[in-house]
Every structure is written in structure tokens, then in C-alpha cells.
Amino acid sequence: MTVRELAARVPALAAGFASQVAERARRLHETAGARRRNVRRGGKRVLIREILTLQIVITAIIGALAIAGLYWGGQWVLQDNYSRWAVQWAEELNELGAPLYLRHDEEVVLRLESFIGKYPEIDRVTYYYEDGTPLYSIENQLPAGSPVQALSPALRDQLSALVGSDRPYLIDSHLFDVRSFTILAPIWTESIASDGLFGFDPASPPASAQVLSGFVGLELDFSVFHARLVKNIQIATSVLLVLLVVSGFLGRRTLRRALMAISDLQQPIAELAKGNLSVEFKPAQHREISEIVEALESTASALGERNERLSRLANHDPLTGLFNRRRFVEELRREIRQAGGGQPGGALLFIDLDQFKYVNDTCGHPAGDRLIRKVADQLGRSVAGRGIVARFGGDEFMVLATGVSRGGARALAESVLEDMRKLAHVEDGNVFHVHCSIGIAMIGSDGLDHDELIAQADIACREAKASGRNRLAFHSMSGREAEQMVADVNWVSKLRSAIDNDEFLLRYQPIVCIGTGRTTHHEVLLRLKGEGGRMIAPEAFLPAAARFGLMTEIDTWVVEAAVRELARYRSESPDLCFSLNLSANAFEAENLVAWIRSQLDRHGVPAQSIVFEITESLAARHLAHVEKQIDALRELGCQIALDDFGTGYSSFSYLQKLPVDIIKIDGTFIRDIVNNPVDQKMVRLIGEIGREAGMRTVAEYVQSSAAFSLLGRLGIDSAQGFYIGRPSAAPIRKDMPVPLASRRRSKRGPRKRTS
């Protein structure tokens, strides 16, 4: 194999070797990875393999370039050396062979043969006549009698022109093959011209005469030196390949050791991704890996703390720290399953504080919160490991006593009653003794689910309150109550189907301005599809929905559907407004305002076109929380209406605390207003108070023209009822005749709003 062929194959050999080493490294890595890890990583890039492959490729490229540089550099050096040797030999042969052109002398031939014999690189020396024909030829390495070609005229002319020059020779060689040389040189004689004996000036350059005698040619072969070069390059290539193998092996070991810490992180990170936050990370020696480990440990710790917070928020009441309704229901379901499996049953205690609202009304909501926390602490001490205590909502608590008989449940309830009787709460110099009523439902193998048991305990608690409060009562289901419970369970099934299958209906009842007779907005009413196409009013199914915790989902459905329909109707009536009812459950959600904003943005409905109605009882029960939600809704742009106003014992006091826009007077004051002077005075008073507070007033249950006209004279702003318009499948605008008193008042201009 020649050096040229070897150099041409070096890149291919290096690439093939690098590919084999990379493939071997890949297989070793996959085998080791399969033993270390159970997690498959098919199709994923491996860092160690990529770095090792890159290292081998770079080493192979550098090696190939080094071999090529060695080869071409050697070629250049040899050519330069060979050229100098050839010129020197040509000059000596020129002098040695000059006598051949003067006389045929055997001594000249012997001297030439002796000289040529000392240099095995000289294949042949040929002397030519001036006309280019061979004069004499001596073979050294070539076979004797090998033919000699005469010089071409062009070559003779080219050589003749070199007579007397500084480089009087021609070399025929090639950089890609420096083994063979051919050198040609002219042979000439010089004589000084005679100037006579006198007048000779040695300082002046002599006039000379140059006479061409012939030519000499050398055929050289440096194969021996070339073979040594090839052998040295082969040795260097072998050494380089060995170094490449050793480098790949050592590089793989070094990289694996350096990156083993990263590989060790894979399994802990996989466990961390599965939620196992107690995973341990191996300590790392390298600073970078150590920082990664510290970051992962900090992440695991932060995730653990976050999970604890989320778990506590999801399972505990934020005010008292007790289990919340959701978590308590889970525990109750577990107890029911165990009781159904033959294990001893337990008891469910429904605890409701007596007259708790007086604390809120007298001292404010923060005082009520402090009392709730004190009651929760006392209940925890009273139960003391005999059961699970949860805050069910508001001033209602639940206790799940496991593995107790009826007598044990009674003893536990009596202990709670006794401890609560001793509890005194001091607030602003006032001492409150807040007692409680307890309803008990026994958990057995009778097949009742958690909703039914809670309903039983709730019924028993109401019986205890009806019997004089501050006492306990066991649930004893009468025939009527059994029918009611069955009906409630049936309603739950129907409501769940209606929520899942979109079986609710929306109906719209107009509300008109008495002063102008024009429709200002429509109240959105909920209906349920019944059998045979009939519609079921909310009074029939909402109590069951409230008892079984479905009000939140119903509120969600109503708001989503109403906003969607309002967006559709506003394309034809841009000034259309809807009034929506929200239950107490909706206001318990902390993200209520953000969720409503998202619905409005989604359908492109302005917040000013929505009025949210809340009942007075809801406001009284959760005053501080409701006030915060109302402020946020009004800041969003929505309006707030206080519904069923006048039914509470402290209605007027809430007008000072709640930032509402509209007062909706309860229908009990309107139904017989034409014939009842007391109702007229009450309605007039409400209208005056609303006017002073900058709130609009709406009278519900307007059934006649007389009532409509009378309300105008009493100073009420708007009216709603069958006389105005019945609930319909689509919003209908209906202009009403304006009562005379209202027309006169409208001429005085609009009232000034104070808020």
C-alpha cells in the first residue's frame, strides 16, 4: 500500500473506528443503565454517549489531520533533499563525464562507474551529443542494455538556454510521488579570449567563450527512502489508533465517573415526580452537581410544605383548624363502609349553636369568629379522642363517634352539652353563654348513605331546637319524614342528572321603571324540566339541593348559562341587563369574583349589565364575608340587589353595612298593599330610606294596576310581578303606563345618588 493510498484511507479508517467505539460505548451504557434503572428511556439522548462520541470523533479528525500532515510534510522534505542531492550529483557527473567529448578514455568510464556505484539511488546516467543523440550510458540499477531515448529538439533548446545560468539543470519530479527523479543538464566549455601579450588587465572581467559540448541525464529512484517514510507513517498511525482506543476507554471511564452523580439523580427525581417527597439524594463531590442536589432537596422540601398547606386547606376549616365538610364526609363514608362490613357502627352528632347570630349582631363578625374558635377548641376537648370533630359550616359542627352504642352516643352528647353550658365568652364587656342543640343519628348496617345520615342528624337537631334548645335528640324517623327523605334522595338524583345533562331551563321576568314605564332589566329564574314537558319551580327542588350540597353546582350552571344567553341576546338588544340570584354557597368560594370575571370576559359581556341578588338572610348570616365579596363585585362593575328585604328583624341595620345598589322589597308587603295601610307605610319608609341611601327600590309581587300606581305614589322606583310580565322563555320588553304621581316626580329630575 502506497502512502497516498494510506493517507486517502486514514479518514475512513478513523471514522469507522470512531463509529465502532461509539457503538460499543452505547451498548455498554445501555446495559449498565438497564441494570441500574427500571425506568425506560427509549428515544432519549444520553449525555455520556454524546460526549464520548464527540470526543472520539474529534480525536479521529485530529489524528487523520496529523497523519496527512506527516505524510505531506515528509513528501515535501524528501523532495527538497532529493533535489539538492540530484543537483550535486549532476554537477559532479558533468565534470567527470566532460572527457568523453574529447577522447574515449577507459579511465573516464571507470571513474564514472565507481562514482555511480556509490549511490544506489542512481538508476542510470546518460551522456548526449549536442544533437541530443546518446553518447554513452551507464546503468546502475536498471538492466543492462535498456533502451535510451534521444532528446527532443524542444528539450535540447530548453537545456541549451541554461548554459552559463545560475541553475543550469532541469528536474522532472512530482510532489505526490517523490520516488522517481529525472535531472538533465547541459555540458559546456569556457575559454578566455586572447587579448595579446600587451594590454591585458587582470582586474577587468575576462571575455570568455562558452561552447556547448552535450548533455547529461540522471535517472534517480529513491524508493528505499520512500519505503522508510511509509513504514514510519504506518507505525505512527498504529500508535495513533492505540492512543485513540485508550483515549476512548479512559474518556468513557472518566466521563462515567464524572457524570455518575447526574445518573444517580435520575431515580430520586423519578420518585420526586411520583410525589414521593421523602426521597433522599446522594451527596455529590463536584460543586455543580452538589448545587443541583441542594436545589432538588430545597424543591422537595418546598413541595412538601406546599402539599401540607394545600392538604390542610383542602381538608381543614381555615378558621378553626377542624376538618371541613368535604374531609368529614370522606371519614363518614369510610365509617359507613366499615359498618356495612360487619364491624361495630358509630354515631353522627349534628351540633348547632343556639342564638349565635346575636353575637354577630351585637359585637360584629370578628367577635363571632373568636367565639367559633373557642367553641371548636371546647368541642375538641370534649370529644377527646372519642371521635372526629368538623366544622360543617357557619355555626354548625359535626362529630363522628366510632364504635359506640346508642348509650355511648348519648353519654358523649351529654358531655358536650355540659361542657358547652360551662363555656362563657366575654366580648366588649358582654358575657355570652352560647349553648347548643345536638341531633344524633346512629350508623348501622341499614344501607343509608352519608347524605341520608346527615339529613337524619339535621332533622334530629331541629327537633332538639323545637323542644326548647340546649338539649339532644335522637333521630326517630316518622312516616312523613321517611317520605321526605326518600323524596330528597330522588331530588338529588334528578338534580345530578340535570346538572350533568343540561336539563335546567332559564326563564326571564321583566322589571320596569315606574317613572318611565320602560323595562330596565330581567330577573333570570331557574326551572327544571319535568315529565311530560312540564316545568318544576325552584321551590320544589332547591331545599333538597341545599341539604345535599348541590347549590354550588347549580349556581355555577345558572351563571354560566345566563351570561352565555345574555351575550346572545345583547347582539340584538345592546342595553339588555340580567339580574341573577346567588345562594350562600356561592359566596363561600374565595374565587367567586375571579370566576365571574372570567365568564364575562369569555362571552364579552360587560359587568355593568349584570345584577347579582342576595337574600337578606344570607347577608345576616355571613355579613363580613359577604360584604367583602360585594365590594369586589361592585369594583368589577356589577350591581348588587338585596332580595326579600323586610323579612328580617334587623333589615334596616344592614343597609348601613352592605354596599348594595338595589333594594327588592319582599312580596309580603306588596301582596295586599292596596288595602293595608301598615304595608303602605312600611313600603313608603323603605322607599325614603333607599332614596336617602342612594339605592334604587324594586317592589316584587305586583299583581294589579292599582298596586302599580300606588307604588308610584309611595316613591318606589321599579316594579316586578305578573302585572308587569310573567316569566317567559326569552326576554320581552314591555312598556307600562306611567302613574300620574310618578310622572310628576320624574319632571323634578332624577334623585342624587350618594353612593
Side-chain angles (χ1 to χ4, degrees), residues 313-314 318 325-326 393 495 498-500 502 504-509 511 520-527 538 542 545-546 549-571 573-645 654 657-664 695-696 698 731 755:
L313 289 174
R325 182 184 187 119
R326 188 195 66 81
L495 292 174
I499 294 171
D500 295 338
D502 206 26
F504 286 114
L505 298 172
L506 296 182
R507 291 296 179 262
Y508 309 93
Q509 188 173 26
I511 301 174
T520 58
H521 52 289
H522 292 76
E523 181 176 2
V524 179
L525 305 174
L526 183 65
R527 299 291 186 267
L542 286 186
L550 296 178
M551 285 305 302
T552 299
E553 295 179 74
I554 293 177
D555 284 329
T556 300
W557 188 94
V558 169
V559 173
E560 289 180 347
V563 172
R564 182 178 63 249
E565 292 301 300
L566 179 57
R568 182 168 66 91
Y569 287 124
R570 281 178 65 88
S571 61
S573 302
D575 59 342
L576 187 65
C577 298
F578 279 175
S579 182
L580 310 178
N581 290 277
L582 289 179
S583 70
N585 300 76
F587 280 89
E588 291 179 357
E590 294 294 337
N591 64 336
L592 172 65
V593 179
W595 178 74
I596 289 175
R597 180 188 292 109
S598 68
Q599 293 298 314
L600 296 176
D601 293 341
R602 176 183 177 186
H603 297 284
V605 173
Q608 293 76 10
S609 62
I610 297 291
V611 178
F612 286 109
E613 298 186 10
I614 61 172
T615 62
E616 184 185 351
S617 58
L618 166 63
R621 194 176 186 90
H622 307 281
L623 180 60
H625 187 66
V626 170
E627 183 179 0
K628 179 181 177 181
Q629 299 276 40
I630 287 176
D631 286 336
L633 286 173
R634 294 188 72 201
E635 184 177 352
L636 180 63
C638 301
Q639 300 182 72
I640 305 297
L642 187 61
D643 197 13
D644 299 335
F645 184 79
Y654 292 116
K657 302 176 182 179
L658 290 176
V660 299
D661 302 281
I662 301 171
I663 302 172
K664 297 193 71 174
M695 303 174 185
R696 300 193 305 276
V698 178
S755 64

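Worth saying up front: this structure is predicted, and the values here are computed from it rather than measured.
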Item checked: CA sep, side-chain torsions, deciding dist, call: Leu642, Ile614, side chain to side chain contact (heavy atoms under 4.5 Å, CB included) -> CA-CA 5 Å; Leu642 187 61; Ile614 61 172; 4.2 Å; yes

Identify the two heavy atoms, one from [X] and one from [Y], that lie closest to each other, and give their separation to 0.1 Å.
| X | Y | answer |
| --- | --- | --- |
| Ala586 | Leu592 | O-CD2, 3.7 Å |
| Val605 | Ala567 | CG2-CB, 3.6 Å |
| Cys638 | Phe612 | SG-CE1, 3.7 Å |
| Val559 | Leu582 | CG2-CD2, 3.9 Å |
| Val611 | Ala641 | CG1-CB, 3.9 Å |
| Pro659 | Glu627 | CD-CG, 4.1 Å |

Atom pair [atom1]/[atom2] of [X] and [Y] - distance to nearest 0.5 Å:
| X | Y | atom1 | atom2 | answer |
| --- | --- | --- | --- | --- |
| Glu613 | Asp644 | CD | CG | 8.5 Å |
| Arg602 | Arg564 | CZ | CZ | 8.0 Å |
| Leu495 | Asp500 | CG | CG | 10.5 Å |
| Tyr569 | Phe578 | OH | CZ | 6.5 Å |
| Ile511 | His521 | CD1 | NE2 | 3.5 Å |
| Ile596 | Thr556 | CD1 | OG1 | 9.5 Å |

Notebook entry, point to check: Can you check side chain to side chain contact (heavy atoms under 4.5 Å, CB included) on Leu526 and Trp557, steps first, answer last?
Noted result: CA-CA 10 Å; Leu526 183 65; Trp557 188 94; 3.9 Å; yes

Item checked: Matching residue for Gln639 among Asp661, Ile610, Leu633 - test: side chain to side chain contact (heavy atoms under 4.5 Å, CB included) ->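 Only one of Asp661, Ile610, Leu633 forms a side chain to side chain contact (heavy atoms under 4.5 Å, CB included) with Gln639, namely Asp661.
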
Note to self: Do His522 and Ser579 have side chains that approach each other closer than 4.5 Å (heavy atoms only, starting at C-beta)?
What the structure shows: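 They are not in side-chain contact.
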
Next item on the list: Evaluate the side-chain proximity of Leu566 to Val524: yes if any heavy-atom separation is below 4.5 Å, no if none is.
Entry: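 When only atoms from C-beta onward are counted, Leu566 and Val524 do not touch, as no gap falls below 4.5 Å.
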
Margin query: Once side-chain hydrogen bond (donor to acceptor under 3.5 Å, both in side chains) is applied, do any residues pair with Asp631, and if so which ones, sequence neighbours excluded?
Written below: none

Checklist line | Neighbour count >12 (heavy atoms, 6.0 Å) for atom CZ, Arg326 | finding: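 Yes, CZ of Arg326 has more than 12 neighbouring heavy atoms, counting only those of other groups under 6.0 Å.
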
Note to self: As a quick check of understanding, evaluate side chain to side chain contact (heavy atoms under 4.5 Å, CB included) for Met551 and Leu542, giving each step before the final call.
What the structure shows: CA-CA 8 Å; Met551 285 305 302; Leu542 286 186; 3.9 Å; yes

Note to self: If we ignore hydrogens and angles and just use 3.5 Å, is the side chain of Arg570 paired with the main-chain N or O of Leu576 as donor and acceptor?
What the structure shows: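 Indeed, once roles are kept as given, a pair shorter than 3.5 Å links the two residues.
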
